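What follows is a short report on a single structure.
Worth knowing before you read on, the calculation uses all heavy atoms, side chains too, and leaves out hydrogens, waters and symmetry mates. Please read all numbers here as calculations on a predicted model, not as lab measurements. For the single chain, residues carry numbers from 1 onward in sequence order.
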Amino acid sequence: MIAGWDKTGPHLHYVDSDGTRLKGNLFSVGSGSTYAYGVLDSGYRSDLPAEEAIDLAKRSIYHATHRDAYSGGTVSVYHITEGGWKKIGGYDVYDLHYYYVETEKNGVQPSGN
């Protein structure tokens with residue numbers, strides 16, 4: 001994926017190994033992408049505040065890596081704005097798993113709702 005910002009606003013593009021280029025608002029790629037899409041489709045809306053969008057990104061990548069044996073064990077999240085990009089963090093799937101299990105056990109949805 002290629003993400004950036006220019007004078008017309010934010011842009012997100014998917015580019016595959018064959019050179020296919022697609023512009024969109026939301027992409028998930030790789031062997032765990034169906035798991036990620038399950039989370040993204042249920043939580044994405046175009047007006048998400050940054051904090052909710054970051055949480056949705058973490059949860060969607062977590063679900064992909066937790067359920068798919070071929071996905072990695074780290075969730076890396078970056079936030080891109082008009083002023084540039086910022087790394088939000090790198091999270092271990094093991095730690096996220098127990099965090100989400102604990103919050104759901106206490107009746108709190110991982111998104112904080």
Side-chain angles (χ1 to χ4, degrees):
M1 284 185 272
I2 299 173
W5 203 292
D6 67 14
K7 62 185 176 186
T8 64
H11 299 279
L12 180 64
H13 298 268
Y14 165 72
V15 182
D16 73 8
S17 59
D18 295 326
T20 300
R21 298 173 306 277
L22 302 171
K23 183 177 180 178
N25 296 323
L26 176 74
F27 292 107
S28 178
V29 297
S31 59
S33 65
T34 54
Y35 300 108
Y37 271 128
V39 175
L40 291 168
D41 287 344
S42 68
Y44 175 77
R45 30 177 240 280
S46 62
D47 64 342
L48 281 174
E51 186 176 319
E52 288 181 39
I54 289 165
D55 180 65
L56 181 63
K58 284 171 40 178
R59 285 188 297 115
S60 64
I61 299 168
Y62 154 74
H63 280 281
T65 59
H66 179 70
R67 295 288 181 197
D68 179 59
Y70 298 101
S71 293
T74 304
V75 174
S76 298
V77 179
Y78 296 82
H79 185 210
I80 299 171
T81 66
E82 189 173 11
W85 63 272
K86 175 183 173 185
K87 182 173 183 176
I88 301 302
Y91 308 91
D92 187 288
V93 171
Y94 177 86
D95 296 334
L96 286 176
H97 174 75
Y98 288 101
Y99 169 75
Y100 291 141
V101 166
E102 195 60 35
T103 56
E104 288 175 5
K105 187 170 38 172
N106 292 327
V108 177
Q109 293 297 313
S111 65
N113 297 327

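- Just one of Arg59, Glu52, Glu51 meets the side chain to side chain contact (heavy atoms under 4.5 Å, CB included) condition when paired with Asp55; it is Arg59.
- Note that the CG atom of Leu26 and the CE atom of Met1 stand 9.0 Å from one another [nearest 0.5 Å].
- The residue from Leu96, Val75, Val93 that alone fulfils the side chain to side chain contact (heavy atoms under 4.5 Å, CB included) condition with Ile61 is Val75.
- Distance check, rounded to the nearest 0.5 Å: NE2 of His79 to CD1 of Ile54 gives 5.5 Å.
- With hydrophobic clusters built from ILVMFWY side chains whose heavy atoms lie under 4.5 angstrom apart, Leu12 does not share a cluster with Val77.
- A single hydrophobic cluster is seen to contain both Tyr99 and Tyr91, as judged by linkage of ILVMFWY side chains at heavy-atom distances under 4.5 Å, directly or through other members.
- Hydrophobic clustering, with ILVMFWY side chains joined whenever heavy atoms are under 4.5 angstrom apart, groups Tyr37 together with Leu22.
- Taking OG1 from Thr34 and CG from Asp68, the interatomic distance works out to 7.5 Å, rounded to the nearest 0.5 Å.
- No side-chain heavy atom of Ser46 sits less than 4.5 Å from a side-chain heavy atom of Asn25.
- Residue Arg45 places its CZ atom among more than 12 non-hydrogen atoms of other residues, nucleotides or ligands, all under 6.0 Å distant.
- To the nearest 0.5 Å, atoms CG (Leu40) and OG (Ser33) are separated by 10.0 Å.
- Remark: side-chain polar atoms of His66 are not paired, donor with acceptor, to backbone N or O of Ala64 under 3.5 angstrom.
- Between Tyr62 and His97, the ring planes are tilted. Angles from 30° to 60° get that label.
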Step-by-step side-chain contact (heavy atoms from CB on, under 4.5 Å) determination, Lys58 to Tyr100: CA-CA 11 Å; Lys58 284 171 40 178; Tyr100 291 141; 3.8 Å; yes
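- The backbone N or O of Tyr94 lies less than 3.5 Å from a partner atom in the side chain of Asp92, making a donor-acceptor pair.
- Nearest heavy-atom pair across Thr65 and Ser71 is CA-CB, 3.6 Å.
- Residues Tyr35 and Phe27 do not share a hydrophobic cluster, clusters being chains of Ile/Leu/Val/Met/Phe/Trp/Tyr side chains in contact below 4.5 Å.
- With values rounded to the nearest 0.5 angstrom, Leu48 atom CG is found 7.0 Å from Tyr44 atom OH.
- The line from CH2 of Trp5 to CD of Glu82 is 6.0 Å long, rounded to the nearest 0.5 Å.
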